[in-house]
Amino acid sequence: MKTRPAMSPFPVSENVARMQSSATMAAMQVAEALRASGANVCDFGAGEPDFDTPDNIKQAASRAMQAGRTKYTAAGGIREINRAIIDFYQREFGTEYEPTEVMATAGGKQAVFNAAVTLLNPGDEALIPKPYWVTFPEVAVFAGGKPVFIETEETGFVLTVEQVERAITPRTKLLILNSPSNPSGRVLPPAQFRRIMELAAERGIYVISDECYLRFVYSPGEVFSAASLPAELRSRLCIAGSFSKTYAMTGWRMGYALAPAGWTKAMLKVQGHSTSNANSMAQWAAVEALNGPQESVAAMLAEYTARRAWLLDALREIPGFKCNEPEGAFYAFPDVRGCLNKGLKTSGEFAQRLLEEEQTVVTDGAGFGAEGFIRISYATSMEQIQEGVKRIKRFAAKHT
Ligand SMILES: Cc1ncc(COP(=O)(O)O)c(C=O)c1O
C-alpha cells in the first residue's frame with residue numbers, strides 16, 4: 001500500500017487561528033450525520049425556516065435564468081434590487097436611502113463581514129452584547145479588532161443604555177446590535193434602541209444593526225428598524241439585512257447592507273475582491289420577494305406564533321428550566337442551570353447527553369456566550385416540537 005508523504009501542518013494565519021468554528025453550523029452537521037445513520041432525530045438546532053421558498057420567488061429566479069440573467073452584476077447588485085430595498089425601507093419605515101447607500105450581499109452574513117472589516121483596525125474594540133450570534137466576535141477578530149462583551153443577564157438579555165455606557169472605552173469603535181436576537185429571541189424596545197443610538201452618536205461609535213429577523217416580531221410587539229431613526233442617529237449606522245429567514249431563502253445567499261455612502265464604498269471595494277456580487281438569479285428572486293405578495297411572510301409568522309405559544313408553556317413546565325419570553329425570531333433560550341449537577345455540569349454536557357440519550361439536537365448556549373442556556377429553534381414542525389419536548393422532559397427528569 002502506498003503511504004502518503006507526511007504533511008507539515010498548515011500555517012494558519014494569526015487572525016484565523018484566533019477564530020472559533022461556528023457552533024450553530026456544528027449542531028446542524030451533527031443532526032445531519034445522525035439522520036444519515038437512520039436515527040429518529042428531533043432537531044431543534046437549525047437556524048433556518050422549515051418552510052419552502054414561496055413559489056412566486058422561485059418563479060422569478062427561473063425566469064431570470066431563462067432570460068440569460070446569468071452573468072456578473074455590479075458588485076453592489078443590479079439596479080432593480082437596490083431600488084427594491086430602498087423602496088421597502090421607504091414604504092415600511094419612511095426612510096429615503098440613496099442608491100449610493102445600498103448594496104446587495106451574499107447573505108446577511110456578508111453584510112456584517114463587509115461592515116466590520118472595513119471599519120476595524122488592530123486594537124479597536126467592538127462592543128458585543130451577550131448572548132451574541134456566533135459570527136459577531138469571530139468577524140471582529142478576523143478584522144483584527146477586539147471583541148468586548150457586554151453582560152445582559154441581569155436585564156433578561158435585553159441591552160440597556162447604561163450597560164453600553166459602562167463598556168465604552170477610548171478604544172471603542174463599534175457596537176453590534178441584533179434585535180430580534182439570535183439566540184435569545186429578545187427584542188430591544190424601540191425607545192431603548194433609540195437611547196442606545198443616541199449614546200453611540202454622542203460618543204462617535206459606529207453601529208451595525210443586524211436586522212436578519214426584522215419581520216419576525218410577535219404581537220403585541222411591533223417591527224422596528226434602526227432605519228426609522230432620525231438622520232443624525234444614522235450617520236454611523238450600517239443595517240445588515242437578510243432574505244434568508246423572512247422569505248425562507250437560506251440557500252439562496254441573499255442579503256443587503258444599508259450604510260452611509262463612504263462606508264458603502266469601502267464595503268463595495270472588499271466585496272468586489274471577494275465574492276464580486278451576490279448570485280445574479282438570487283438577486284432577481286429577491287426583487288420579487290420584496291415587491292411581490294407578502295402573504296407567505298404573514299403565514300410563516302402565524303405558524304411561528306402558534307408554535308412559540310405551545311413551546312413556551314411546555315418549557316416552563318419542565319423542572320429546572322427557566323425561560324424568558326422571546327418577543328421575536330424563532331428561538332427559545334431557556335436557562336437550564338436548574339438541571340445541572342455533578343453528573344451534568346455544563347449546558348454543553350446537557351446538549352451532548354441529550355443528543356446521545358434522546359437523539360435530540362439543541363445548541364449549547366456557551367457558543368453564544370451564555371453558558372447554562374440552550375437554544376431551541378422552533379423553525380420545525382409542531383409534531384417535531386411536541387415529540388422533542390417530550391424527550392427533553394424525560395431527559396431532564398432522569399438527570400435532575
Ligand atoms: C443574527 C443573524 N444575522 C445574520 C445571519 C445570516 O443570515 P444569512 O447570511 O443567511 O443572510 C443569521 C443566520 O443565522 C443570524 O442569525
Side-chain angles (χ1 to χ4, degrees), residues 21-29 31 43-51 53 57 77 81 85 103-117 126 128-140 142 147 157 159 175-188 207-217 225-226 238-258 267 271 274-275 277-279 282-283 285-286 289-290 297 304 326-333 363 365 367-370 375-380:
S21 297
S22 166
T24 50
M25 296 272 182
M28 276 172 80
Q29 277 162 11
D43 186 3
F44 288 120
E48 64 179 349
D50 55 318
F51 303 104
T53 306
I57 298 175
I81 187 61
I85 296 165
M103 65 188 287
T105 57
K109 198 174 257 182
Q110 191 181 25
V112 173
F113 182 89
N114 287 344
V117 298
I128 302 176
K130 280 185 177 181
Y132 45 76
W133 179 45
V134 291
T135 292
F136 295 147
E138 307 314 326
V139 164
F142 180 82
F157 295 144
L159 184 69
L175 166 66
I176 305 184
L177 299 176
N178 172 219
S179 173
S181 152
N182 175 7
S184 73
R186 298 306 312 259
V187 168
L188 252 179
V207 176
I208 297 174
S209 175
D210 181 332
E211 302 190 349
C212 183
Y213 299 91
L214 177 71
R215 313 272 285 279
F216 293 151
V217 177
S225 168
C238 174
I239 289 177
S242 172
F243 291 83
S244 289
K245 321 285 171 162
T246 313
Y247 298 103
M249 290 176 70
T250 49
W252 298 70
R253 312 310 303 131
M254 266 305 294
Y256 56 89
L258 286 165
M267 293 196 283
Q271 185 160 300
S274 52
T275 59
N277 54 263
N279 173 297
Q283 291 186 48
L290 288 178
V297 181
Y304 290 140
E327 300 96 338
F330 42 63
Y331 307 107
F333 199 56
T363 313
F368 307 101
R375 189 189 75 172
I376 296 183
S377 163
Y378 51 90
T380 184

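Just so you know, ligand 1 is whichever comes first in the structure, and atom 1 is the first atom listed for that ligand.
- In this structure, F113 and F142 have tilted ring planes: the angle between them lies in the 30° to 60° band.
- Remark: E211 engages no residue in a salt bridge (Lys or Arg N to Asp or Glu O under 4.0 Å) (not counting sequence neighbours).
- Closest of all the heavy-atom pairs between P147 and P137 is CG-O, 3.8 Å.
- Looking at residues two or more places apart in sequence or on another chain, you find a ring pair (Phe, Tyr, Trp, His ring centres under 6.0 Å) between F333 and F157, F373.
- Listed by number with element, the atoms of ligand 1 under 4.0 Å from a non-hydrogen atom of S244 are 8 (P), 10 (O), 11 (O).
- Ligand 1 is approached by Y213 to a heavy-atom distance shorter than 4.0 Å.
- Looking at atom 9 (O) of ligand 1, its nearest protein heavy atom turns out to be R253 NH2, 2.7 Å.
- In this structure, a donor-acceptor pair under 3.5 Å is present between the side chains of Y247 and R215.
- Close approach of ligand 1 to G107 (heavy-atom distance below 4.0 Å) involves ligand atoms 9 (O), 11 (O).
- Using a cut-off of 4.0 Å between Lys/Arg side-chain N and Asp/Glu carboxylate O, K245 and E48 are scored as not salt-bridged.
- The minimum heavy-atom distance linking T105 with A278 is given by the pair O-CB, 3.6 Å.
- At under 3.5 Å, a nitrogen or oxygen of G108, whether backbone or side chain, sits near a nitrogen or oxygen of ligand 1.
- Here is the list of ligand 1 atoms found below 4.0 Å of a heavy atom in N178: 1 (C).
- Shortest contact from atom 12 (C) of ligand 1 to any protein heavy atom: W133 CZ2, 3.3 Å.
- Heavy atoms of K245 approach ligand 1 to within less than 4.0 angstrom.
- Residue-ligand proximity: D210 is placed with a non-hydrogen atom under 4.0 Å from ligand 1.
- With a 4.0 Å cut-off on non-hydrogen atoms, E48 does not touch ligand 1 at all.
- Contact check for I239 versus S225: side-chain heavy atoms found under the 4.5 Å cut-off.
- Looking at S242 next to ligand 1, an N or O pair under 3.5 Å apart turns up.
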